[in-house]
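Convention: sequence-line order gives letters A, B, ...; per-chain numbering from 1.
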Amino acid sequence: MTGNGDIGSGAARVFAEQHMTDDELNLFIDGEMPAAERARAEGHLAICATCRESMVLFSAIAQALAAIPDARVPRSFQLSPKFAAQRQPFWSRFAALLVPMLPAMRAATVALALLLFGSTAYRALDDTSTSQPGSNQAAAPQPTLTSPAQAQTSATESADTDLAQKAPAPTEADGDVADDSAAGAADEEAAAGAADSSETREDQPPQDIGEAASEGSESNTTLALEAAVAASPEATASPTSTVTVTPAPTATPTSAALPFNDVDDDEQADWVEWVQVISGAALFGLLVLWAGLAVSRRRRLG
Amino acid sequence: MFRRGQRETALTTEEPVHPGDGRDGEALHDERLILHAQQGDLPSFNLLVARHQTAVYNVCLRMLRDFALAEDATQDAFIKAWTGIGTFRGGLVRPWLLRIATNRCYDILRAQGRRPADSFDAELVEAEPNWTSQAEIAEQPEQHASRRELSAVLARALGELPDDQRMAIILSDVQGHSYEEVAQITNVAIGTVKSRISRARSRLREVVLAREDAREHLERYIRPTSETIQEGAE
């Protein structure tokens with residue numbers, strides 16, 4: 001406080017501790033000061049001659065600036081009709097339509113990107129898991145079996161699904177087929193185990209077994225698959241089986257179980273593929289829109 | 001108390017562009033005009049040009065301090081406004097137009113790479129005695145003359161301000177826009193606008209008090225408090 005006038009009481013006394021800054025004075029004369037501060041400023045100006053003089057000076061400058069005359073425009077700046085044809089190229093008009101939808105476009109882009117990534121990752125993982133039976137059997141002397149789908153197809157051609165899933169043992173039990181089989185040691189062991197178990201089975205129709213044996217001999221691939229199925233825990237846990245079969249040490253339970261779910265897996269794979277295609281197409285369209293917006297913005301700024 | 005928006009009435013007195021087609025520039029509001037213009041109606045846009053070209057041109061002129069450059073900048077601004085009219089998101093038309101114009105001015109200043117010329121100050125101040133303030137109606141002749149001289153000094157002093165401060169003070173004090181509108185036009189925070197305006201006025205105060213003739217005009221203009229101002233200057 002430099003001592004300009006008498007100091008009042010209350011808020012005025014607090015404000016009178018120091019002069020108002022130039023910022024405060026200009027806010028005051030422009031009416032931009034909050035009401036509470038304005039009341040205190042008025043109290044201070046009532047008692048501080050220095051701040052009052054500064055306020056009058058700033059106010060005079062502001063009024064003199066407002067009184068600076070406008071220059072007359074040298075000509076009309078209205079546009080001639082030729083500009084009507086130049087108005088708004090396609091992208092500018094399109095961008096104008098898209099501007100209000102920018103937040104939704106951002107959200108949609110992120111959502112579609114996540115959806116595409118998720119579906120792609122799901123399919124990749126699914127392919128990896130379903131290709132494992134093929135790889136296991138590739139270690140055996142059956143290189144032609146590449147996927148469970150092929151195996152399923154072969155099994156369907158050779159026998160009906162129930163027989164292929166529930167009664168693979170008689171195929172090996174026939175003996176001839178087992179001899180003809182070129183399956184590896186693991187498959188042979190599994191087949192042998194299944195043959196042992198088949199001796200005590202009570203629900204095996206002989207004619208079905210014979211048919212399966214005669215038709216199953218058409219394909220070594222089918223035999224290998226059936227042997228793997230016979231060695232699987234699902235097969236041994238079948239309610240129709242009365243003998244507990246010890247799976248072969250080299251058989252892979254998870255891979256052997258996959259053919260049972262092939263139908264569901266195919267439907268799910270189709271559904272995921274559709275999601276992947278649609279989300280990819282939509283994301284591509286959105287990226288084209290973003291590129292168009294960028295081009296429009298660049299041309300507008302340029 | 002200094003009051004804003006004093007020039008609004010003077011800036012809307014342009015002649016209609018097409019008097020024969022039934023349009024009346026003063027009858028149609030900016031919102032209706034801009035809607036028609038967005039649908040490709042060039043005459044409607046030209047009505048907007050007629051309503052706001054004085055303000056746009058004077059902002060360009062005060063910023064660039066060059067008649068030819070100001071003319072080019074004003075024309076460029078209106079062309080840019082027309083070609084990009086689809087990007088107008090509503091609100092007031094004049095701040096939108098002034099924002100385009102100020103951006104163009106900054107581009108020109110950057111391209112020029114120099115301070116604006118000072119040679120045109122006298123010509124500019126004498127260009128048009130278009131007094132629009134309500135205050136001068138009650139002014140005495142001597143006070144009116146002093147204010148005009150003071151305005152000439154301040155118009156000259158504007159050229160000494162940094163570009164940002166000059167733009168803020170032109171839009172605020174010369175053109176009468178609110179702090180919010182200045183912030184919108186210059187695309188800065190309102191706190192920055194307050195600071196720029198305050199610093200600009202402080203700088204102008206220094207210029208006025210440093211010149212004896214300007215100080216005399218100021219004293220005559222604010223005669224009731226001239227004695228205290230003299231003391232403050234000393």
Side-chain angles (χ1 to χ4, degrees), chain A residues 4 21-33 49-89 91-100 296-297 299-301, chain B residues 1-2 4 6-7 10 17 40 42 45-46 49-50 53-54 56-58 61 67 71 74-75 78-79 82-87 89 124-125 127-131 133 135-136 147-148 150-151 154-155 169 173-174 176 179 194-195 197-198 201-202 204-205 208 218 221-222 225 228-229 231-232:
Chain A
N4 294 291
T21 64
D22 287 352
D23 288 355
E24 291 170 338
L25 286 170
N26 283 301
L27 288 176
F28 180 80
I29 66 174
D30 287 337
E32 299 283 347
M33 186 173 275
T50 301
C51 290
R52 196 163 55 244
E53 293 162 8
S54 295
M55 182 201 68
V56 171
L57 187 55
F58 276 129
S59 180
I61 289 173
Q63 290 187 37
L65 286 169
I68 291 177
D70 278 337
R72 189 187 303 276
V73 291
R75 63 178 176 83
S76 172
F77 293 101
Q78 294 163 354
L79 305 184
S80 61
K82 71 176 183 180
F83 284 100
Q86 298 178 4
R87 174 183 171 268
Q88 293 182 332
W91 272 116
S92 294
R93 281 177 286 165
F94 196 56
L97 291 175
L98 292 178
V99 164
S296 174
R297 178 179 171 80
R299 287 183 178 177
R300 191 168 69 248
L301 294 178
Chain B
M1 186 68 59
F2 178 67
R4 301 186 180 282
Q6 301 163 350
R7 294 171 180 268
V17 184
L42 184 60
F45 181 79
N46 277 335
V49 174
Q53 64 180 0
T54 301
V56 173
Y57 173 73
N58 273 275
L61 187 60
F67 288 102
E71 193 174 331
T74 304
Q75 188 67 79
F78 283 121
I79 293 173
W82 170 248
T83 56
I85 199 167
T87 61
R89 299 186 185 182
L124 177 63
V125 172
E128 186 178 10
N130 184 16
W131 306 104
S133 171
E136 67 258 10
R147 186 215 284 266
R148 186 164 184 178
L150 184 60
S151 296
L154 291 173
I169 204 75
D173 289 355
V174 181
Y179 283 16
K194 293 176 181 176
S195 175
I197 290 174
S198 178
R201 284 183 186 161
S202 298
L204 293 175
R205 179 184 61 182
V208 169
L218 183 63
Y221 175 62
I222 49 178
T225 55
T228 54
I229 290 179
E231 292 173 0

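Note that OH of B/Tyr57 is 11.5 Å distant from CZ of A/Arg72, once rounded to the nearest 0.5 Å. Interatomic distance, CG of A/Leu27 versus OG of B/Ser198, reported as 7.5 Å (0.5 Å rounding). The structure places CD1 of B/Ile169 at 7.5 Å from CG of A/Asn26, a figure rounded to the nearest 0.5 Å.
Between the side chain of B/Asp173 and the backbone N or O of A/Ala66 there is no donor-acceptor pair closer than 3.5 Å.
Among all heavy-atom pairs drawn from B/Thr54 and A/Ala71, the shortest one is CG2-O, 4.3 Å. The minimum heavy-atom distance linking A/Arg75 with B/Glu71 is given by the pair NE-OE2, 2.7 Å. The heavy-atom pair separating B/Leu218 from A/Ala60 by the smallest distance is CD1-CB, 3.7 Å. Closest approach of A/Leu79 and B/Asn46 over heavy atoms only: N-OD1, 2.7 Å. The heavy-atom pair separating A/Ala64 from B/Ser151 by the smallest distance is O-OG, 2.8 Å. When every heavy atom of A/Ser76 is checked against every heavy atom of B/Gln75, the shortest pair comes out as O-OE1, 4.4 Å.
The contact between B/Phe78 and chain A is made by backbone and side chain atoms together, counting heavy-atom distances below 4.5 Å.
Two residues are said to be in side-chain contact when any heavy atoms from C-beta on lie closer than 4.5 Å; A/Val73 and B/Thr74 fail this criterion.
Between B/Arg201 and the choices A/Asp22, A/Asp30, A/Asp23, the salt bridge (charged side-chain N to carboxylate O under 4.0 Å, His left out) rule is met once, by A/Asp30.
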